[in-house]
Amino acid sequence: MRQYLDLMDRVLATGSRQMDRTGTGTLSVFGHQMRFDLTQGFPVLTTKKLHLRSIIVELLWFLRGDTNVRWLQEQRVSIWDEWADEAGDLGPVYGQQWRDWVAADGRHIDQIKGLVDDLKSNPASRRHIVTAWNPGDLHAMALAPCHCLFQCHVADGRLSLQLYQRSADIFLGVPFNIASYALLTHILAQQSGLEVGDFIWTGGDCHLYLNHLDQARTQLARNPGPLPRLEVVRTPPSIDAYTLEDFVLTGYEAQAHIKAPVAI
Ligand SMILES: Nc1nc(=O)c2c([nH]1)NC[C@@H]1CN(c3ccc(C(=O)N[C@@H](CCC(=O)O)C(=O)O)cc3)CN21
Ligand SMILES: O=c1ccn([C@H]2C[C@H](O)[C@@H](COP(=O)(O)O)O2)c(=O)[nH]1
């Protein structure tokens, strides 16, 4: 994950000091891209132990079309708790927009099912896009989508995926986002009968919160190790049928976890 350390290094060396919505303050650069060849291993940090279970469960929660934290909490994942209301609701966030976008004419659009159908029937299409950025719904969301749009691309029997992330918390959010979309690429490829290709991460406002700078330097002083491999041990009948047990990560050897406070 040299690519990730390079991003951290770039922000520490050249980032502008900015005040932000949370009142924490950041060092920030605008515009950055990283490419991960998924045939060469699964892109999860080795310079800090990541909790892959939280990442898998969060992705399955998006795919369920769920926008309430109760199901996450039942699986002992608490990463969305700070943003939920008393009923556990987050408003029409990712799950709703991915699986049940309500169009102006009243139609309900399942973008994920549409994507899998189109990958199978028209792989060469240049329109394999899923967007969570629904301007008409932003006011009702607990947090505007950060990973707001992705596009898939098929070439030589391989599925590649590019994500546009408008706002990127490099220390806490980005490691989750990279692993999550790499996982989604594996799932989409399996459901479409394709091999995996590249995952490309494109970031807008890429920032390190000022209370993450020491943690970032600690991580930069560590040497990255070889990437683990992801095995999807079963081929579920549809994109709706995946469970936590379907994913096995082999050879994940990471250095000690580094704690950091999340900006709310
Ligand atoms: N400031 C901020 N950064 C984010 O990354 C972020 C938000 N807000 N708001 C919404 C979601 C929630 N996400 C989060 C929230 C918390 C952690 C976090 O605390 N991670 C810990 C371990 C948590 C666990 O696995 O239980 C870590 O050390 O990675 C990660 C992503 C990503 N998003
Ligand atoms: O998946 C996610 C979700 C959120 N983030 C980060 C990026 C920002 O630090 C905050 C969102 O604040 P905004 O003021 O709405 O930009 O959360 C992330 O990195 N990844």
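All ligand and atom numbering here is 1-based and tracks the order in the structure.
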Atom 19 (O) of ligand 2: nearest protein contact (heavy atom, Å): D169 N, 2.8 Å
From OG1 (T243) to CG (L60), nearest 0.5 Å: 7.5 Å
Identity and separation of the nearest protein heavy atom to atom 3 (N) of ligand 1: D169 OD2, 2.7 Å
Closest approach of any protein heavy atom to atom 8 (N) of ligand 1, naming residue and atom: W83 CZ2, 3.3 Å
Side chain, backbone, both or neither: the part of V77 lying under 4.0 Å from ligand 1 by heavy atom: neither
Atom 18 (C) of ligand 1: nearest protein contact (heavy atom, Å): L172 CD2, 4.0 Å
Modelled atom types, side-chain donor and acceptor of S28 and T26, under 3.5 Å: no
For H51, atoms of ligand 1 separated by under 4.0 Å from a heavy atom: 24 (C), 25 (O), 26 (O)
Element-labelled atoms of ligand 2 that are located less than 4.0 Å from some non-hydrogen atom of H147: 1 (O)
Ring centroid separation Y94 to H147 under 6.0 Å: yes
Contact atoms of ligand 2, heavy-atom distance to R166 under 4.0 Å: 13 (P), 15 (O), 16 (O)
Lys NZ or Arg CZ of K48 over Y4 ring: under 6.0 Å, within 45°: no
N or O contact, K48 vs ligand 1, cut-off under 3.5 Å: no
Option set I264, L52, T26, I79, criterion heavy-atom distance to atom 23 (C) of ligand 1, minimum: I79
Y209 neighbourhood, listing ligand 2 atoms whose heavy-atom distance to it stays under 4.0 Å: 8 (C), 9 (O), 10 (C)
Sub-4.0 Å heavy-atom contact, A168 with ligand 2: yes
Within-cut-off N or O pair, W80 and ligand 1, under 3.5 Å: no
Nearest protein heavy atom under 4.0 Å from atom 28 (O) of ligand 1, yes or no: yes
Cluster check W133, I112: I/L/V/M/F/W/Y, side chain < 4.5 angstrom: yes
Distance under 6.0 Å and angle within 45° of ring axis: R35 vs W201: no
Atom 6 (C) of ligand 1 within contact range, any protein heavy atom under 4.0 Å: no
Nearest non-hydrogen protein atom, atom 22 (C) of ligand 1: F176 CZ, 4.4 Å
Approximate separation, where rounding is to 0.5 Å, of Q75 CD and Q73 CD: 11.0 Å
N/O donor-acceptor pair under 3.5 Å between N68 side chain and R70 backbone: yes
Short N or O distance, S167 and ligand 2, threshold 3.5 Å exclusive: yes
Sub-4.0 Å atoms of ligand 1 with respect to non-hydrogen atoms of Y209: 1 (N)
Nitrogen or oxygen of A263 less than 3.5 angstrom from that of ligand 1: yes
Heavy-atom gap H257 to ligand 1 smaller than 4.0 Å: yes
Ionic contact status for K113 with D117, cut-off 4.0 Å: yes
Sub-4.0 Å atoms of ligand 1 with respect to non-hydrogen atoms of S54: 24 (C), 25 (O), 26 (O)
Cationic N near anionic O, under 4.0 Å, R99 to D240: yes
M34-Y164 co-clustered via ILVMFWY side chain contacts under 4.5 Å: no
For L143, atoms of ligand 1 separated by under 4.0 Å from a heavy atom: 9 (N), 10 (C)
Same apolar cluster: L210 and V174, side chain cutoff 4.5 Å: yes
Polar contact flag for N177 and ligand 2 (N/O pairs, less than 3.5 Å): yes
N-O pairing of D105 and R107 below 4.0 Å: yes
Ligand-residue contact atoms, ligand 2 with Q165, heavy atoms, under 4.0 Å: 18 (C), 19 (O), 20 (N)
Residue from V130, T185, L161 passing side-chain contact (heavy atoms from CB on, under 4.5 Å) with C152: L161
Test side-chain contact (heavy atoms from CB on, under 4.5 Å) applied to Q255 and T47, L45, T46, the passing residue: T47
Taking atom 14 (O) of ligand 2 as the reference point, the nearest protein heavy atom with its distance: R21 NE, 2.7 Å
Parallel, tilted or perpendicular: rings of F150 and W98 (30°, 60°): perpendicular
F176 to ligand 2, any heavy atom closer than 4.0 Å: no
Distance from atom 32 (C) of ligand 1 to nearest protein heavy atom, with residue and atom: G173 CA, 4.5 Å
Minimum non-hydrogen distance to atom 3 (C) of ligand 2, winning option of G173, G204, C148, C146: C146
